[in-house]
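Everything below concerns the one structure shown next.
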There are 2 protein chains.
Amino acid sequence: MAEIYDQMNEKTKEKIQSVFLHLLKERHFNKISVQHIAQAAGVNRGTFYLHYLDKFDLLDRMEASLLEGLENHLHQLEPGPLLEEAEKGAVSFQAVEVFRYIRQHEEWFRVFLGKHNHSGFHRRLKDFFVRHFTDKMLANPDFFKAVTVPKDYLSAFATSAFLGLIEQWLANDLAESPADMADMYIRIIFFIRNLDGRQQ
Amino acid sequence: MAEIYDQMNEKTKEKIQSVFLHLLKERHFNKISVQHIAQAAGVNRGTFYLHYLDKFDLLDRMEASLLEGLENHLHQLEPGPLLEEAEKGAVSFQAVEVFRYIRQHEEWFRVFLGKHNHSGFHRRLKDFFVRHFTDKMLANPDFFKAVTVPKDYLSAFATSAFLGLIEQWLANDLAESPADMADMYIRIIFFIRNLDGRQQ
DNA sequence: ATTTCCACTCAACACAGTGTTGATTGGTAT
DNA sequence: ATACCAATCAACACTGTGTTGAGTGGAAAT
């Protein structure tokens, strides 16, 4: 039973991460030192370096685990009748799940998308959406066949807009339900299909 | 004629800013020290502090002057027949001018929106667009009267999407003309008006 | 011509933070 | 008992910070 060592290890890491998250609420990433983190976590500064390379590494891993969680959350639902579902339903469903996951981890998203982060996360999340959503959208041959706009611009447009909705949602303290948000996104985004002027 | 002092002053500032811009192309903001900047600018480190509080202040002022330039660029064109112009034409015109200004200052936008900036500029530019564009759009009573989506979400959506287009345009090395880009934006965004299903 | 002005230089300062080291502590497992 | 291992602690050289006070050199003012 060497698991107890792992448990100690995890407990310290969790303490560090939790403290770091709280610090990021109050001050900018650049103004937080490893000293602050260690002190606030009640941990020796040397112990921090036992677990992380530096504060960039800490932030990086937390962001990565949040995205990994989102990836898993979406993958859990992937195999099933959903793949065969109507385009609109499928996209909408994916969107709902994204909003749900964000609500589940509101604190983290709020901090990582907030003004105190040095904001690699915005870019990371956008890349995530570009990979995920537009791959699915564009893989469907009929989906955007009527669109007269280059696909990369369409991806950039749709995912940036989606991210914009998320950020506004957070700014509004998650006043709307995930279903409402997904519906809003779908109601907006699906009119892009009509770029040639034909009716929805 | 004490202007020569101002000229010296300006020349040093320009040298510092130019060097800083070049440094930001190569390394992340966090990894650039005042020492680097001063050395690369061929200027004493003390001289840097004669002009700027710190490197954050330097970045801040450069970003601000870029946005101020954009503000002026748009204001120059404001008074005229354009105000009375058709909604679509006016928005399109504004958009063209934004893309034009960005092309004029490609280097700065590329750096400040790039991965080496600590990325306050993305947020700043988005806020700029929210103030500018959606104020105009939403001030027009008929413009979005049919839209069933809350105005703040619509603003967030439209401006984030616009910024997404800009970033993709930069990623594509400004392959399209400003007019093409504005047209693309308009072609996409104007279908939002049809959210209730009526024809464009 | 000399004095004033002023951007800039230079060296030095105390200070905060970094990442690493080697020795040590105190529970846990064998 | 003893080997194990996360965590502690003090000390290290190092980089960068922001500020100081004295000094330089060329243009401006009188």
Side-chain angles (χ1 to χ4, degrees), chain A residues 1-65 116-120, chain B residues 1-65 116-120:
Chain A
M1 271 246 262
E3 290 162 10
I4 196 134
Y5 294 128
D6 291 353
Q7 282 173 24
M8 289 172 75
N9 223 306
E10 277 312 307
K11 212 157 192 173
T12 312
K13 279 193 194 175
E14 277 169 25
K15 184 70 194 165
I16 287 175
Q17 296 199 359
S18 154
V19 155
F20 182 56
L21 210 61
H22 286 308
L23 285 176
L24 267 176
K25 286 181 192 169
E26 293 160 8
R27 22 168 80 237
H28 192 282
F29 174 80
N30 288 322
K31 299 292 179 192
I32 299 174
S33 67
V34 174
Q35 287 186 343
H36 294 144
I37 300 168
Q39 188 177 358
V43 146
N44 191 274
R45 193 167 63 91
T47 306
F48 177 92
Y49 289 105
L50 231 50
H51 294 288
Y52 302 100
L53 290 175
D54 48 32
K55 63 176 182 169
F56 298 93
D57 182 46
L58 168 60
L59 179 65
D60 185 74
R61 289 207 229 164
M62 288 175 74
E63 288 181 355
S65 81
H116 285 157
N117 191 354
H118 76 148
S119 192
Chain B
M1 269 248 261
E3 290 160 10
I4 196 135
Y5 295 127
D6 291 352
Q7 283 172 23
M8 289 173 74
N9 224 307
E10 278 311 307
K11 212 157 191 172
T12 312
K13 279 192 195 176
E14 278 167 24
K15 184 71 194 163
I16 288 175
Q17 296 197 358
S18 154
V19 154
F20 183 55
L21 210 61
H22 286 309
L23 285 175
L24 267 176
K25 287 181 191 169
E26 294 159 7
R27 21 170 78 237
H28 192 282
F29 174 81
N30 288 322
K31 299 293 178 192
I32 299 174
S33 68
V34 175
Q35 287 185 342
H36 294 145
I37 300 168
Q39 187 176 359
V43 146
N44 192 273
R45 193 166 64 91
T47 306
F48 177 93
Y49 289 106
L50 232 48
H51 295 288
Y52 303 101
L53 290 176
D54 49 31
K55 63 176 182 169
F56 297 94
D57 183 46
L58 168 59
L59 180 65
D60 185 73
R61 290 206 228 165
M62 289 175 74
E63 289 181 354
S65 83
H116 285 158
N117 190 353
H118 78 149
S119 191

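Just so it is clear, the structure is predicted and the values come from calculations on it, not from any experiment. Below, read A as the first sequence line, B as the second, and so on, with proteins coming before strands; counting in each chain starts at 1.
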Round to the nearest Å and state the distance from [X] atom [atom1] to [N] atom [atom2].
| X | N | atom1 | atom2 | result |
| --- | --- | --- | --- | --- |
| B:Q39 | C:dT9 | CD | P | 13 Å |
| B:L58 | D:dG18 | CG | C1' | 16 Å |
| A:F48 | C:dT20 | CZ | C1' | 15 Å |
| A:E10 | D:dC5 | CD | P | 17 Å |
| B:Y52 | D:dT19 | OH | P | 16 Å |

Inter- and intrachain pairs under side chain to side chain donor-acceptor pair (under 3.5 Å), touching residues 32-44 of chain B, at least two apart: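 As it turns out, the side chain to side chain donor-acceptor pair (under 3.5 Å) pairs with a partner in residues 32-44 of chain B, which skip direct neighbours, are B:S33-B:H36.
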Interatomic spacing from CG in B:L50 to NZ in B:K13 - rounded to 0.5 Å: 10.0 Å
Straight-line distance of A:N117 CG to A:M62 CE, nearest 0.5 Å: 10.0 Å
Residue pair B:V19 / B:I37: nearest heavy atoms and the distance that separates them: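 It is CG1-O, 3.7 Å.
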Summary of salt bridge (charged side-chain N to carboxylate O under 4.0 Å, His left out) pairs that have at least one residue in residues 42-62 of chain A, sequence neighbours excluded: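 Sorted pair list: A:D57-A:R61, A:D60-A:R124.
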Contacts of type ring pair (Phe, Tyr, Trp, His ring centres under 6.0 Å), residue A:F56, not counting sequence neighbours: A:F29
For B:H28, ring pair (Phe, Tyr, Trp, His ring centres under 6.0 Å) partners two or more places apart: A:H118
Base-contact (B) and sugar-phosphate-only (S) positions in nucleotides 11-19 of chain C, heavy-atom cut-off under 4.0 Å, - elsewhere: -B----SBB
Pairing pattern in dot-bracket form [Watson-Crick, G-U; both distances under 3.5 Å; | = partner strand] for DNA chain C: ||.|||||||||.|||||.|||||||||||
Those residues that, when tested against A:K25, pass salt bridge (Lys or Arg N to Asp or Glu O under 4.0 Å) (two or more places apart):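 For A:K25 the salt bridge (Lys or Arg N to Asp or Glu O under 4.0 Å) partners, ignoring immediate neighbours, are A:E107.
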